[in-house]
A.B. asks: 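Handing you a structure now.
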Amino acid sequence: MAAMGYPLDPSPEQMREMGHAALDYAIDFLGRRGEAPASLPPGAAEVARAHREEPPEAGGEFAPLLELVETIARNAPDNAGPGFLAYIPGGGLFASSLADLLSTTIDRYVNLSGEAPVAAQIENNVVRWICDLFAYPPESRGVLTSGGSMANFSAIVAARKDRLPEDFLSGTMYVSEHVHASVTKAAMLAGLPVRHVRTVVGDPSLRMDVEALRRVVAEDRAAGLAPFALVGSAGTTNTGAIDPLDALADLAVAEGMWFHVDAAYGGFFQLTSRGRDRLRGIERADSITLDPHKGMFLPYGTGALVVREGRKLRDAHHVGTSAYLQDLAADADVPSFSEYSAELSRDFRGLRVWFPLKMHGVSAFREALDEKLDLTEHLYEALKADPNLEVPWAPDLTVVPFRLRDGDDAANRALLDAINESGRVFVSSTVLDGRFTIRVCIVSHRTHRDRIDECIDIVRSAAATLR
Ligand SMILES: Cc1ncc(COP(=O)(O)O)c(C=O)c1O
């Protein structure tokens, strides 16, 4: 791009022209989204290989870069589209896209509150709102992270620091067999021997078995180990099952363990009355992970961690003030988030959350999440009524696992492939009770009744053909 004088700063006219083209592309893309294929198109790996290249020495035009964005989008399943019902679907609210454009343009330093007090205040509004959602006390604190994995990591570091001595290798931590891998990874990164992450079996409803947990903790204590943390899942990725959070909280208190809840997927259902009922006990957790890029339909890169006693999060992450930052204003009434997390320079995530909250209001999120619960119940009832299918678990949240009745793993894989070949819906699989199981997960705010009815028809006719 040729510019007037300084090549890295385009002229206002150039910026306007590129900006309008980018915005036109974005709006056009969103308009086409409903009709875009839900599955990975064939040949995407070859297209990717064709894009192996070095950066050019001289600059070029902007228009081909928009074509590149279209190629990127076209060669991946649309994980934020209405037919994406695999893994945990994404969202990508337009209000957040605008927030990202504007926040990266003003480029302020949100992680030190004295450097950008208003930015830090806005981000703190988001954190406070999440704390209030779980009735956390005024001394609670939190941070916005890049996602649930980093939130789980900071939580485990805080738990380790609070409950174990510096020499912590005898510490043991407890998770259910359905826990997300990021929790085990967090323990490993926090320096714990992975063998000290005890996997407790699930009960028939795939929730953590509290009696089995009690036994493992007692055995570990008898062996001289130091149980220090218990992690409950508020919506497992596999089936959406919610662990018995109240009972886990009781046991954690009795055993002096830090109680962390991984609510990356399920946490924002707390906004709905059904969710609040099902998540009962979550408010007793020492810390909670949430993912606004799941339950609030935001673009990827937005997770959250809240900690009941905020100073414990700070104790685990703060190493004192560095001489090169001595000129900064002292901590005001808004925390410096860098003291509560592993990061210093980072993006202004708060604006990405605050814009949609201000533009749409909390009620719009509550309604969208309620709609997801309704759609899930509808899907569950419809699949359960089909004699060709086995639907063994009633959904706690918005995941419906099912199998071909009496089908072996190969038959179920064939069913998965047949469903995804439709291009209209994309679902994924897991292993439950040692058997290949298909799962539908409804999270995107773009998924509505018409697409779920289409999904039901696709699944039923594929199952009828295969049986
Ligand atoms: C229950 C749960 N915890 C943690 C994570 C990890 O979150 P992220 O992908 O945002 O790092 C996920 C991701 O799907 C999840 O479903």
Side-chain angles (χ1 to χ4, degrees), residues 76-77 79-80 84-92 96 130 142-157 159 173-190 197 199 202 206-208 229-243 245 248 259-270 275 278-279 282 285 287-306 341-343 346-347 349 352-353 369 372 376 395-401 426-430 432 439-444:
N79 29 3
F84 194 85
L85 307 170
Y87 314 111
I88 308 281
S96 299
I130 297 174
V143 284
L144 296 184
T145 62
S146 58
S149 302
M150 289 310 290
N152 282 335
F153 173 57
S154 269
I156 301 308
V157 170
M173 186 177 121
Y174 302 83
V175 300
S176 106
E177 63 177 315
H178 299 288
V179 77
H180 192 267
S182 63
V183 175
T184 311
K185 191 192 224 180
M188 185 177 83
L189 295 176
V197 180
T199 303
L206 310 178
R207 304 184 181 106
M208 196 189 289
L230 169 60
V231 180
S233 299
T236 61
T237 318
N238 261 348
T239 67
I242 300 171
D243 284 334
L245 302 176
L248 296 189
F259 180 37
H260 174 64
V261 174
D262 179 6
Y265 152 57
F268 283 106
F269 285 96
Q270 178 81 351
R278 294 171 199 174
L279 293 168
I282 193 170
S287 52
I288 308 172
T289 284
L290 293 107
D291 255 345
H293 65 207
K294 295 184 173 71
M296 280 187 72
F297 325 116
L298 300 193
Y300 294 118
T302 327
L305 172 67
V306 287
S341 73
E343 296 177 290
R346 66 157 167 88
D347 52 329
R349 294 162 192 149
R352 193 186 297 148
V353 188
L369 291 165
K372 302 309 126 195
T376 309
D396 275 353
L397 290 172
T398 61
V399 181
V400 180
F426 184 67
V427 303
S428 57
S429 71
T430 187
L432 294 170
R439 60 187 278 293
V440 173
C441 180
I442 306 172
V443 175
S444 168

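Scope of the values below: all heavy atoms of this structure, side chains included, with no hydrogens, waters or symmetry mates. Just so you know, these numbers come straight off a predicted model, no measurement behind them. Numbering of ligands and ligand atoms starts at 1, following listing order.
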A.B. asks: State, with a plain yes or no, whether a side-chain heavy atom of T236 is found less than 4.5 Å away from one of Y265.
C.D. replies: no

A.B. asks: Is the shortest distance from a heavy atom of H293 to ligand 1 less than 4.0 Å?
C.D. replies: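 Distance cut 4.0 Å: H293 passes for ligand 1.
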
A.B. asks: State, yes or no, whether a side-chain contact exists between K185 and N152 at a heavy-atom distance under 4.5 Å.
C.D. replies: no

A.B. asks: Does some side-chain heavy atom of V261 sit less than 4.5 Å from a side-chain heavy atom of T289?
C.D. replies: no

A.B. asks: Considering the heavy atoms of D291, write down every atom of ligand 1 situated less than 4.0 Å from one of them.
C.D. replies: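 Under 4.0 Å from D291, ligand 1 has these atoms: 7 (O), 8 (P), 10 (O).
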
A.B. asks: Considering the heavy atoms of A264, write down every atom of ligand 1 situated less than 4.0 Å from one of them.
C.D. replies: 2 (C), 3 (N), 4 (C)

A.B. asks: Which ligand 1 atoms does T237 reach within 4.0 Å, using its non-hydrogen atoms?
C.D. replies: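 So the answer, numbered in order with elements, is 1 (C), 2 (C), 15 (C), 16 (O).
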
A.B. asks: Please list, in number order, the atoms of ligand 1 under 4.0 Å from a heavy atom of I88.
C.D. replies: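 Heavy-atom distances to I88 below 4.0 Å select 14 (O), 16 (O).
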
A.B. asks: Find all atoms of ligand 1 within a distance of less than 4.0 Å from any non-hydrogen atom belonging to G147, and give their numbers and elements.
C.D. replies: 10 (O), 11 (O)

A.B. asks: May I ask you to check whether H178 and D243 show a side-chain donor-acceptor distance below 3.5 Å?
C.D. replies: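 The criterion, which ignores hydrogens and geometry beyond distance, is not satisfied for D243 and H178.
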
A.B. asks: Over 60° means perpendicular and under 30° means parallel, so classify the ring planes of F84 and Y87, tilted if in between.
C.D. replies: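 Rings of Y87 and F84: tilted, 30 to 60°.
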
A.B. asks: Could you check atom 15 (C) of ligand 1 against the protein and tell me its nearest heavy-atom contact, residue, atom and distance included?
C.D. replies: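 For atom 15 (C) of ligand 1, the nearest protein heavy atom is H180 CD2, 3.3 Å.
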
A.B. asks: Find out whether P401 and L432 are in side-chain contact, i.e. whether some heavy atom of one side chain is under 4.5 Å from a heavy atom of the other.
C.D. replies: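 Result yes, sub-4.5 Å side-chain heavy-atom pair found.
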
A.B. asks: Counting only heavy atoms closer than 4.0 Å, does ligand 1 sit against the backbone of S149, its side chain, both, or neither?
C.D. replies: both

A.B. asks: Looking only at distances, please establish whether an N/O atom of ligand 1 is found under 3.5 Å from an N/O atom of D262.
C.D. replies: yes

A.B. asks: Can you find a side-chain donor-acceptor pair between R352 and T302 that sits under 3.5 Å?
C.D. replies: yes

A.B. asks: Give the residue, atom name and distance (to 0.1 Å) of the protein heavy atom nearest atom 9 (O) of ligand 1.
C.D. replies: K294 NZ, 3.8 Å

A.B. asks: Measure the distances from the heavy atoms of S182 to every atom of ligand 1 and state whether one is below 4.0 angstrom.
C.D. replies: yes

A.B. asks: Looking only at protein heavy atoms, which one is nearest to atom 8 (P) of ligand 1, and what is the separation?
C.D. replies: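 Going by distance alone, atom 8 (P) of ligand 1 is nearest to G148 N, 3.4 Å.
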
A.B. asks: If I compare all heavy atoms of A80 with all of G91, which pair ends up nearest, and what's the gap?
C.D. replies: CB-O, 3.1 Å

